[in-house]
Amino acid sequence: MTHVEAAARAEFLRTELHRHNRLYYVEGKPVISDKEFDMLLRELQDIEAQSPDLLTDDSPTQRVGGAPIEGFTQIKHSVPMMSLDNTYSEEELTAFFTRLQKGLGREKIDCVIEPKVDGVAITIRYENGVLKHGATRGDGQTGDEVTNNLKTIQRLPLRLPKDGPQTFEVRGEVFMPKAVFNKLNKEREEAGEQLFANPRNTTTGALKQLDSKITAKRNLDIVFYGLADATDIDVQSQADMYALLDHTCLRKADLIWRADSAEGLLTAIRELDEKRRSLPYETDGAVIKVNAFADQRELGVTSKAPRWAIAYKYQPEQAETKLIAVDIQVGRTGALTPVARLEPVLVSGSTVSNATLHNYEEIERKDIRVGDIVIIEKAGEIIPAVVSVKKELRSGDEVPLSPPTHCPICGTGVHRDEEQVVIRCPNPHCPEVVKRRIEHFVSRGAMDISGLGESVVAQLVEIKLVRDVADLYALNELLLARLERVGTKSIDNYLKAVEASKQQDPWRLVFGLGILHVGAGGARKLLEHFGSIDAIAAACIEDLTQCPDIGAIVAPSVNGWFHDEENIALLNCLRTAGLNFAQKVIEAASNKLAGTTWVITGTLSEDRETIADTIRANGGKVSSGVSGKTTYLLAGEDAGSKLDKATKLGVKTLIEPEFRAMLA
Ligand code: IVH
């Protein structure tokens with residue numbers, strides 16, 4: 001290919017990729033499969049690697065993140081990024097409307113009401129139709145340039161449609177969708193890592209990354225609510241701006257109200273409060289703005305905030321209760337986490353009797369003592385947390401807490417991590433650590449040994465029948481007969497489930513081993529890349545970092561695990577027991593199911609994993625839950641809730657003969 005041909009091909013690929021991105025993210029109607037999209041992207045990456053001069057600012061390849069930078073450049077905002085005055089009651093909001101009426105000298109004032117997105121404020125400049133740069137709010141006058149990190153947001157257009165305004169600056173809020181946050185924390189929990197406190201802090205952290213590849217993994221999203229520099233375009237009101245956002249494929253708020261009286265504003269904020277929990281982002285209030293820009297200019301600004309807008313903050317879901325005790329939970333990695341035991345209290349419809357305290361540093365910072373009256377808060381779907389202490393209610397009998405120096409279970413002296421935040425019991429034989437490790441190994445997401453619930457595992461560990469996961473494979477009827485309150489039928493089922501688990505995919509085994517920082521996703525990637533557990537064990541740190549998603553933190557953890565003598569012995573026992581150490585190779589059979597996503601339910605002629613492999617071998621994807629993205633539900637006998645959901649969502653349901661016919 002000549003250079004001229006390469007340039008033309010690159011431009012073609014960029015245009016195609018932008019179009020497909022818009023079809024997927026904005027219109028929700030993809031026309032090609034993820035795999036086809038990746039192939040176009042890879043072709044463009046190859047061209048850019050060969051001819052770096054063909055790499056443009058708006059290239060979709062920039063979304064996966066680029067080379068790390070040394071530090072952030074400062075950008076001076078063309079128009080200052082102000083904050084908003086807050087109101088906390090309907091009276092205050094009515095008073096705000098009265099001020100608007102006085103200021104403008106008339107009765108009716110056209111206003112818009114939007115959700116206040118609890119994320120991170122940013123400003124983005126488009127020039128000649130291309131995303132030029134983006135920055136954080138900073139001190140309101142100057143912010144950090146975070147363009148590379150913003151470009152990783154899939155929904156954010158890097159290039160604007162040709163038939164609209166090409167140069168302007170828009171403002172909005174970057175957020176981590178609640179679903180992404182919950183999934184991320186679940187994965188962190190599985191990988192034995194500290195949980196993130198809330199979506200907003202996680203978003204701040206992701207935007208502050210010098211390495212945009214890390215930001216790319218955080219799946220951030222964005223909504224826009226304002227314009228900074230719109231001198232050259234014809235936009236005279238918030239309503240005009242919404243039309244501009246729609247036209248340029250920039251996402252606006254999902255819910256917007258118009259009102260021209262105080263009563264109308266109140267109705268809107270009440271309706272928003274009813275609906276805001278179903279929004280994909282956290283919201284902590286409503287923003288009320290005067291619609292017409294001419295009115296906005298007439299009302300003007302104070303030194304901090306505009307007079308034409310206000311934030312109405314909803315009451316966070318808080319309650320007061322007494323802290324009865326602080327227990328120490330011992331995790332699978334030995335992490336010792338303080339948990340608050342509370343006098344049960346009702347918070348937004350459910351009774352709360354435990355709350356997280358995150359770590360001892362936080363206990364110290366908030367000066368939390370046993371016996372204190374504390375304020376707890378439940379934000380969205382997040383676990384309740386202790387936010388503060390009512391120190392004025394102290395009697396003097398409250399007991400301060402100090403971090404444990406020894407494991408409460410086995411008495412071993414604790415270890416602190418480098419940042420001194422996580423305290424761990426370093427004893428691999430600590431009975432509580434062993435229990436947690438076995439529970440993890442048998443869990444559904446790992447080896448899926450059904451029936452071996454917490455109480456059975458606890459007994460097995462207590463009577464020393466099981467000291468490590470390999471001991472599970474040495475169990476027999478005679479040994480299991482020593483368990484209390486367990487009948488012969490259950491024993492028979494346990495043994496069958498343990499036997500069946502030997503055939504599990506090896507990534508499940510690697511995940512089940514509970515290597516620090518290795519979640520289910522990481523384990524899958526390791527097996528996809530190396531093919532067998534032995535190959536992973538033989539890999540040096542550098543080899544490991546060649547595997548997608550395995551970086552500077554995970555690789556040494558994996559390498560260290562496989563070099564530990566006890567672990568080597570454990571692996572040998574598991575191998576002798578007959579567990580599956582090598583990945584089955586799924587040979588691509590056809591492309592007949594390309595671009596389709598399947599959910600399998602009910603009883604079919606083969607087990608689900610086998611059918612899933614068949615779907616994958618023919619180019620399809622398999623997921624566990626029915627959603628708008630599901631193409632087909634494959635339903636066997638006794639299909640239950642998934643079938644109901646598919647029917648509700650209008651997802652096409654197939655029975656097995658229809659599925660087989662598609663492949664024939
Ligand atoms: S309008 C002059 N609309 O709240 C400022 N702000 O406390 C105009 N925010 O810095 C801001 N959602 O980061 C506006 N729908 C929304 C918003 C919103 C969230 C944030 C924004 C702003 C902060 C003010």
Side-chain angles (χ1 to χ4, degrees), residues 77-88 92-93 96 100 111-124 134-144 146 150 153 168-178 198-201 203-204 207-208 220-230 235 237-242 244-246 250-259 265 268-269 271-273 275-276 279-293 295-314 316 379-380:
H77 301 310
S78 56
V79 177
M81 289 181 79
M82 299 226 250
S83 57
L84 292 171
D85 284 336
N86 291 324
T87 51
Y88 297 90
E92 284 178 334
L93 186 57
F96 165 76
L100 296 181
C111 292
V112 298
I113 302 96
E114 297 174 2
K116 186 169 189 307
V117 183
D118 198 9
V120 179
I122 53 90
T123 184
I124 291 183
T136 59
R137 179 169 181 274
D139 63 3
Q141 302 294 332
T142 5
D144 287 334
V146 288
L150 290 169
I153 300 175
F168 57 91
E169 188 170 326
V170 270
R171 293 200 166 155
E173 199 88 355
V174 174
F175 64 91
M176 175 174 277
K178 289 190 250 183
N198 60 51
R200 182 179 8 92
N201 293 359
T203 307
T204 309
L207 276 182
K208 276 204 314 216
L220 300 179
D221 205 337
I222 195 164
V223 279
F224 291 96
Y225 51 67
L227 282 176
D229 169 15
V235 179
S237 63
Q238 290 291 132
D240 286 353
M241 185 207 58
Y242 297 139
L244 170 79
L245 292 177
D246 283 343
L250 296 165
R251 177 190 194 168
K252 63 176 192 295
D254 299 76
L255 300 167
I256 296 169
W257 284 260
R258 285 283 277 274
L265 294 186
I269 58 162
E271 280 180 18
L272 175 55
D273 198 19
K275 293 185 172 156
R276 65 196 181 97
L279 290 170
Y281 33 78
E282 294 280 335
T283 51
D284 58 349
V287 180
I288 297 99
K289 301 174 217 181
V290 170
N291 183 42
F293 289 174
D295 287 344
Q296 291 186 1
R297 279 190 294 271
E298 191 169 337
L299 288 159
V301 299
T302 69
S303 60
K304 289 198 316 279
R307 288 201 185 88
W308 44 265
I310 204 151
Y312 173 83
K313 294 283 204 102
Y314 295 110

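As the structure lists them, so they are numbered: ligands from 1, and atoms in each ligand from 1. Predicted, not measured: the structure shown is a model, and the values here were computed from it. Computed from heavy atoms alone, side chains included, the values below leave out hydrogens, waters and symmetry copies.
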Which residue and non-hydrogen atom of the protein lie closest to atom 15 (N) of ligand 1, and at what distance in Å?
-> E114 OE1, 2.6 Å

Ion pair present between K116 and E173, side-chain N to carboxylate O less than 4.0 angstrom?
-> no

Regarding Y281 and D254, is there a side-chain donor-to-acceptor distance under 3.5 Å anywhere?
-> yes

Just let me know how R171 lines up against ligand 1, side chain, backbone, both or neither, with a heavy-atom cut-off below 4.0 Å.
-> neither

Minimum-distance protein heavy atom relative to atom 21 (C) of ligand 1 | Y225 OH, 3.0 Å

Enter the distance from M176:CE to D221:CG here, rounded to the nearest 0.5 Å.
-> 10.5 Å

Quick check: does P115 get an N/O under 3.5 Å from an N/O on ligand 1?
-> yes

With heavy atoms and a 4.0 Å threshold, my read on which part of A305 contacts ligand 1 is neither

So which protein heavy atom does atom 12 (N) of ligand 1 come closest to, and at what separation?
-> V117 N, 3.0 Å

Tell me: protein heavy atom nearest atom 20 (C) of ligand 1, and distance?
-> E173 OE1, 3.4 Å

Output yes when a side-chain donor or acceptor of R137 lies under 3.5 Å from a complementary backbone atom of M81, and no otherwise.
-> yes

Residue and atom name of the nearest protein heavy atom (relative to atom 10 (O) of ligand 1), distance in Å to one decimal = M82 O, 3.8 Å

Are any of the N/O atoms in R137 less than 3.5 Å from those in ligand 1?
-> no

Distance from atom 3 (N) of ligand 1 to nearest protein heavy atom, with residue and atom = K289 NZ, 3.1 Å

Can you check whether G138's main-chain N or O pairs, donor with acceptor, with T142's side chain at less than 3.5 Å?
-> no

N/O of S83 under 3.5 Å from N/O of ligand 1, yes or no?
-> no

Heavy-atom contacts with A121 under 4.0 Å: which atoms of ligand 1 show up? List them by number with element.
-> 13 (O)

CG of L93 to OH of Y88: how many Å apart, nearest 0.5 Å?
-> 13.5 Å

Are the side chain of K289 and the backbone N or O of Y225 linked by a donor-acceptor pair below 3.5 Å?
-> yes

closest protein heavy atom to atom 2 (C) of ligand 1 is P306 CG, 3.6 Å

Any chance you could measure R258, atom CZ, to Q238, atom CD, to the nearest 0.5 Å?
-> 9.5 Å

Would you mind telling me if ligand 1 is within reach of the side chain of K116, the backbone, both or neither, using heavy atoms under 4.0 Å?
-> both

Is the closest basic N to carboxylate O distance between K304 and D85 below 4.0 Å?
-> no

Using a 4.0 Å heavy-atom threshold (strictly under), name the region of L84 that reaches ligand 1: side chain, backbone, both or neither.
-> both

Kindly compute the distance separating CZ (F168) from CE (M241), expressed to the nearest 0.5 Å.
-> 10.5 Å

